[in-house]
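This report refers to the structure that appears directly beneath it.
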Amino acid sequence: MGALTGFLLFLGLHFASATPLALTERQSNAPLVTWNGRQYQCKCYKTDACWPATSVWSALNTTVGGNLKKVVPVGATCYSSFEGRNTYNQQQCSTANSNWAKEDWQADQEVTNMWTFWTNNTCNPNINARNQVCTIGHLPEYVIMAKTKEHIKAGVDFARTNNIRLIIRNTGHDFMGRSTGFGALAINTHSFKSVNFVQNYAGPGTYKGTAVTVGAGIQVRELYRLANQQSPKVVVVGGECPTVGLAGGYIQGGGHGPMATYYGMAADNALNFEVVTAAGDIINANEVDNPDLFWGLKGGGPSTFGAIISVTVKTFPEVPTAGATLSINTQDQNKFWQGVTAFHNLANHYVENGMFVYYELSGMSLTVQPFVGPNMNKAKIDEVLKPLFDKLRSLNVPFQSSSRDFPTFFDLYTAMFQDEGAGFSGLVGGRMFTRQDIAQNGDRIVNNGYKTVVGGGGAGGFSVIIGHIVGPGTGLPTVDNAIHPAWRNASSFSITMVNVEGNAPLSQKAQAQDRLTNVIDKALRDASPNGAAYVNEGNLEEPNWQQAFWGSNYPRLLELRKKWDPAGVFYARTTPGTEDWETIESGSRLCKRI
Ligand SMILES: Cc1cc2nc3c(=O)[nH]c(=O)nc-3n(C[C@H](O)[C@H](O)[C@H](O)COP(=O)(O)OP(=O)(O)OC[C@H]3O[C@@H](n4cnc5c(N)ncnc54)[C@H](O)[C@@H]3O)c2cc1C
Ligand SMILES: *[C@@H]1O[C@H](CO)[C@@H](O)[C@H](O)[C@H]1NC(C)=O
Ligand SMILES: *[C@@H]1O[C@H](CO)[C@@H](O)[C@H](O)[C@H]1NC(C)=O
Ligand SMILES: *[C@@H]1O[C@H](CO)[C@@H](O)[C@H](O)[C@H]1NC(C)=O
C-alpha cells in the first residue's frame, strides 16, 4: 500500500460505505497477491506468467491493422536509452521539450498525460536529462492507435480475455490521471474526428431538432468552430477548455462550460452514444435502445460503462453574446477579500441571467475572464454587472474591468478564452456550491474556504482556485440522467489545485494530498452543506465520493455497473463500482481486494 493510501487509511477515510461489488466473474488467471497483509487478485503484468506472449500481442497487432505500438515515452529522445535501446535525439528532444506545456501538442501524443504527477513524473523531456534514467513509470505498456471501431473492440476484447488493465486515452487532460495506467493496454481514440450536423434529428427518442454526431476524438474548439460554420450557425455545450474532448471523459462526467447555464450540461443534451461494451458488443444507447446504459453514460463517470465511439448531442441556435472582464489586484488583504466576496456572492444573480463566468484566484490576485452573457449586448451585460461594480466602488476596492459585445458566442469564445498549460504536476480537488449555499453561506465560502485555499503556505505549497460560475439548472427543464441532482441547484463550481512535484518523496505527496482533502477541500465542504463534488474535476480522496459525486443517483449507477461491466474490464478511480479495486504498490498494479 502506498504511503498516500496508507496514510488516509490510517485517518479512517479511505473506505467509503458502498456495498462491495460481488465477485461475479473470477478471472481464472488473475495473479493472487498479498500486500500489506491483504489479499488481492490482480490484472496481469509483464512480470506475471499470465502476461500474453509476444506472438499473442502480434496477433492483436494484426487485428488492429498494425496500429498496436509498444509505448516509448515521448521524452525518451532526451535520454541516452530506454529499455536497453538508444533513444537520444537532440532535435526530437528539443521539440518535445518546447511543446511539453502546450495542451494541443499533448493531446496529439499517444499516451502522455498533461499532469505529470500521474505518470509518476516519468521520463519528462528535459533537455539536460541525457545521463538520467528514462523508465516507463505509470504509462501504459502498449497502445492501440485506433482508427476504426473494430480496433476499439479488439482492444476491449483483448484486455478482457487476457486480464490486462485497460485505459482509454483521448486527449490526456484528466486531472485525476485516469487516462494513464501502469502496465496497461491503452486505446487511443484521438483519430475519431468524424462530425455530422443534422437539421432534423428524428430519433431514436422523442427529440426532434438540430443535432450533431461527433467521433470520440473531437475536441471542443474544433467542434465550436464547425458549429459556427453551419447555416444557420449553431452552438454546442462544451467545456471552456479548447482541447478537452467532447465525447470522452467530459460528457461522461457531466460536462459544464460557457453555454451550460444557458443550455444545460453537456450530458443533459446527449441523444445517443455508440459504445463498445465490456463484453465487446458495439451498441447504441439512447432513449429507446439500452435506455439504462444511456442514463448511466450521461454523467455516470469516465470509462465506467464502455468505450465511446461517438456521441450525438443537441445543437442550439447561436446567439449574440457579450463578455466582460474584471481584475482585482491589491496588497490590501482586507480590500482584496471584500472584493472577492462581493464578486462571488453575486453568483446566483449571474446564473439567473444565464451567465457563465471563468476566473482564477491565487495569491492576492483575482482575474475574471470572461463573464459570458449569452443573448446580451454590451449595454445589457453592463446593466447585469452594475450591482457588482456599485458594490466594489462602495467598498473602495480597486479594480479594472472592460466589456464588449460579439455577434456570436463563438466570436466571444475565440477572443476571450485562453489556452491553458500542461505538463506540470499537481493534485486537484474541488467543490460545487448551490444557489442555497451562496445565499446562506456566501461570506463563509470565501472567508473560510477560498482564503484557506490561497491564503496559507503549509505542506503542499502553492495552491489556487480555478472558478466557474455556472448554473445548469437555472430556469431549464430537469433532464433525467446520472449527474448529481444538486447540479440542478448549482451556482458556482471551483477547482482547487495544490502544487506538488511529481518526483517528491511519497511522504510529501501524502502530505499534499492530506492538506488538499482535510484542510482545503474540507473548508469548502464545511461552507456548502448543499453542495456536491464533480467527478471530472474532483479529489481522488473525496470522503464518501459516491455520495459526493452522484448523490441519490449512486445506487442505480452501482447496479448498472454490475450489469454492464461485472468483471471490471474498465477502471477509472472513484467511478461507480470500483470500491474493491486499488492500485497497490504506490499506484502501480491494479488489483481487486478479495
Ligand atoms: C485545462 C482543463 C480544462 C477543463 N475544462 C473543463 C470544463 O470547462 N468543463 C468540464 O466539465 N470539464 C473540464 N475539464 C475536465 C475534463 O472534462 C476532464 O478532464 C475530462 O475527463 C477530459 O476528457 P478527455 O476525454 O478529453 O481526456 P482524457 O484524459 O483522455 O480522458 C479522461 C477520462 O475519460 C476516459 N475516456 C476518454 N475517452 C473515452 C472514450 N472514448 N470512451 C470511454 N472513456 C473515455 C478516460 O479513460 C479517462 O478516464 C477540464 C480539464 C482540463 C485539464
Ligand atoms: C505492429 O505492426 C506494425 C506494422 O507492421 C509495426 O510497425 C509495429 O511495430 C507493430 N507493433 C508491435 C507492438 O509489434
Ligand atoms: C515511481 O517513482 C518513484 C520515485 O519517485 C520510484 O521509486 C518508483 O519506482 C516509481 N515507480 C514506477 C512504477 O516507475
Ligand atoms: C435543490 O434545492 C431545493 C430548494 O432549495 C431543495 O428542495 C432540493 O432538495 C435541492 N436538491 C438537491 C439535490 O440538493
Side-chain angles (χ1 to χ4, degrees), residues 54 57-58 60-62 64-71 103 107 113-115 118-123 135-139 141-144 146 152 166-183 186-190 192 215-217 219-220 237-258 260 265-267 273 275-276 297 301-311 356 358 417 419-422 428 466 468 470 493 495 501-506 509 534-537 570-573 575 585-589:
T54 309
W57 286 106
S58 294
L60 172 63
N61 199 7
T62 306
V64 299
N67 288 296
L68 180 72
K69 299 205 169 172
K70 170 75 186 78
V71 169
E103 292 199 332
N113 191 274
M114 294 190 190
W115 315 105
W118 303 113
T119 65
N120 205 26
N121 206 52
T122 200
C123 200
T135 60
I136 189 98
H138 293 176
L139 291 172
E141 278 295 322
Y142 287 96
V143 57
I144 298 172
I152 300 181
L166 179 65
I167 294 287
I168 316 291
R169 200 276 192 187
N170 189 20
T171 66
H173 264 93
D174 200 312
F175 279 123
M176 298 149 91
R178 297 175 178 127
S179 47
T180 190
F182 170 82
I187 302 174
N188 181 311
T189 58
H190 191 56
F192 285 65
Q219 291 163 272
V220 163
V237 174
E240 57 79 22
C241 174
T243 51
V244 161
L246 187 87
Y250 173 75
I251 199 165
Q252 294 172 78
H256 62 74
M265 296 282 273
F273 292 89
V275 53
V276 182
L297 287 169
S303 268
T304 302
F305 299 112
I308 308 296
I309 300 164
S310 71
V311 63
F356 171 91
Y358 179 84
F417 280 90
D419 283 22
E420 286 147 74
V428 157
I466 299 168
H468 314 72
V470 59
F493 168 71
I495 298 175
E501 290 308 320
N503 63 357
L506 286 176
K509 290 182 176 175
Y534 178 34
V535 64
N536 280 343
E537 302 178 314
F570 294 98
Y571 173 78
R573 196 166 153 199
T575 56
E585 298 158 358
S586 311
S588 53
R589 278 206 276 184

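The first residue of the sequence shown is numbered 1, and numbering continues consecutively from there. All ligand and atom numbering here is 1-based and tracks the order in the structure.
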Does an N or O from [X], backbone or side chain, lie closer than 3.5 Å to an N or O of ligand 1?
X      : value
Glu240 : yes
Gly172 : yes
Glu103 : no
Gly248 : no
Ala216 : no
Gln252 : yes
Thr243 : no

- Query: Judging by distance only, is a nitrogen or oxygen of Asn61 under 3.5 angstrom from one on ligand 2?
  - Reply: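 For ligand 2, there is an N or O atom that lies under 3.5 Å from one belonging to Asn61.
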Taking [X] for the side chain and [Y] for the main chain, is one N or O donor matched with an acceptor at less than 3.5 Å?
X      : Y      : answer
Trp118 : Phe175 : yes
Thr122 : Thr135 : yes
Thr62  : Ser58  : yes
Asn536 : Gly249 : yes
Trp115 : Ala422 : no
Arg169 : Thr180 : no

Please list, in number order, the atoms of ligand 1 under 4.0 Å from a heavy atom of [X].
X      : result
Phe175 : 2 (C), 50 (C), 51 (C), 52 (C), 53 (C)
Cys241 : 1 (C), 2 (C), 3 (C), 4 (C), 5 (N)
Trp115 : 53 (C)
Gly245 : 26 (O)
Gly255 : 11 (O)
Ala307 : 42 (N), 43 (C)
Tyr534 : 10 (C), 11 (O), 12 (N)
Gly306 : 42 (N), 43 (C)

Going by heavy atoms in the side chains, are [X] and [Y] under 4.5 Å from each other?
X      : Y      : result
Glu240 : Val470 : no
Cys241 : Val220 : no
Gln252 : Tyr250 : no

May I ask which of [options] has a heavy atom nearer to [atom] than the others do?
atom                    : options                        : answer
atom 1 (C) of ligand 1  : Arg178, Glu420, Arg573, His190 : Glu420
atom 21 (O) of ligand 1 : Gly249, Ser179, Ala267         : Gly249
atom 37 (C) of ligand 1 : Val237, Ile251, Val535, Asn170 : Asn170
atom 50 (C) of ligand 1 : Arg169, Glu537, His173         : Glu537

- Provide the closest heavy-atom pair for Ala146 versus Ile152 in the form atom of the first, atom of the second, distance.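 Answer, listing the atom of Ala146 first, then Ile152: CB-CG1, 3.9 Å.
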- Task: Specify the closest pair of heavy atoms between Asp419 and Pro242, including all atoms of both residues, with the distance to one decimal.
- Result: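 For Asp419 and Pro242, the tightest heavy-atom pair comes out as OD1-CG, 3.3 Å.
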Any heavy atom of [X] sitting closer than 4.0 Å to ligand 1?
X      : value
Phe570 : no
Tyr358 : no
Val244 : yes

- Can you list the ligand 3 atoms lying under 4.0 Å from a non-hydrogen atom of His138?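 Those atoms are 13 (C).
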Looking only at protein heavy atoms, which one is nearest to [atom], and how far off is it?
atom                    : result
atom 26 (O) of ligand 1 : Thr171 OG1, 2.6 Å
atom 32 (C) of ligand 1 : Asp174 OD2, 3.4 Å
atom 41 (N) of ligand 1 : Ile308 O, 3.0 Å
atom 20 (C) of ligand 1 : Tyr250 N, 3.6 Å
atom 3 (C) of ligand 2  : Gly66 O, 3.4 Å
atom 35 (C) of ligand 1 : Ser303 OG, 3.7 Å
atom 9 (N) of ligand 1  : His256 O, 2.8 Å
atom 39 (C) of ligand 1 : Ile168 CG2, 3.4 Å

- Looking at ligand 3, does any of its N/O atoms fall within less than 3.5 Å of an N/O of Asn120?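 Yes; at least one N/O pair falls below 3.5 Å.
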- Once the angle between the rings of His138 and Phe182 is folded into 0 to 90°, is it parallel (under 30°), tilted (30 to 60°) or perpendicular (over 60°)?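 Judged by the thresholds at 30° and 60°, the geometry between His138 and Phe182 is perpendicular.
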- Message: Would you call the rings of Phe493 and Tyr534 parallel, tilted or perpendicular, taking 30° and 60° as the class edges?
- Response: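 Aromatic pair Phe493/Tyr534 classed perpendicular.
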- Task: Report yes or no: does a heavy atom of Glu585 sit under 4.0 Å from some atom of ligand 3?
- Result: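 For ligand 3, residue contact (heavy atoms, under 4.0 Å) with Glu585 is absent.
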- Task: Classify the side-chain pair Glu537/His256 by whether it contains a donor and acceptor separated by less than 3.5 Å.
- Result: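 A donor-acceptor contact under 3.5 Å links the two side chains.
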- Message: Under a plain distance cut-off of 3.5 Å, with no hydrogens placed, do Ser179 and Asn113 share a side-chain donor-acceptor pair?
- Response: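 There is such a pair (donor and acceptor under 3.5 Å, judged by atom type) between the side chains of Asn113 and Ser179.
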- Message: If we count only non-hydrogen protein atoms and require a distance under 4.0 Å, does atom 12 (C) of ligand 3 qualify as touching the protein?
- Response: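 Neighbour list for atom 12 (C) of ligand 3 includes protein heavy atoms (cut-off 4.0 Å).
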- Item | Any non-hydrogen protein atom less than 4.0 Å away from atom 5 (O) of ligand 2 |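 It does not: no protein heavy atom is found less than 4.0 Å away from atom 5 (O) of ligand 2.
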Please round to the nearest 0.5 Å and tell me the distance separating atom [atom1] of [X] and atom [atom2] of [Y].
X      : Y      : atom1 : atom2 : answer
Asp174 : Met114 : CG    : CE    : 10.5 Å
Ser588 : Asn120 : OG    : CG    : 8.5 Å
His173 : Gln219 : NE2   : CD    : 7.5 Å
Phe570 : Thr304 : CZ    : OG1   : 9.5 Å

- Message: Can you tell me which residue among Asn188, Asn61, Thr189, Leu60 is in a side-chain contact (heavy atoms from CB on, under 4.5 Å) with Ile144?
- Response: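 The side-chain contact (heavy atoms from CB on, under 4.5 Å) with Ile144 is passed solely by Leu60 among Asn188, Asn61, Thr189, Leu60.
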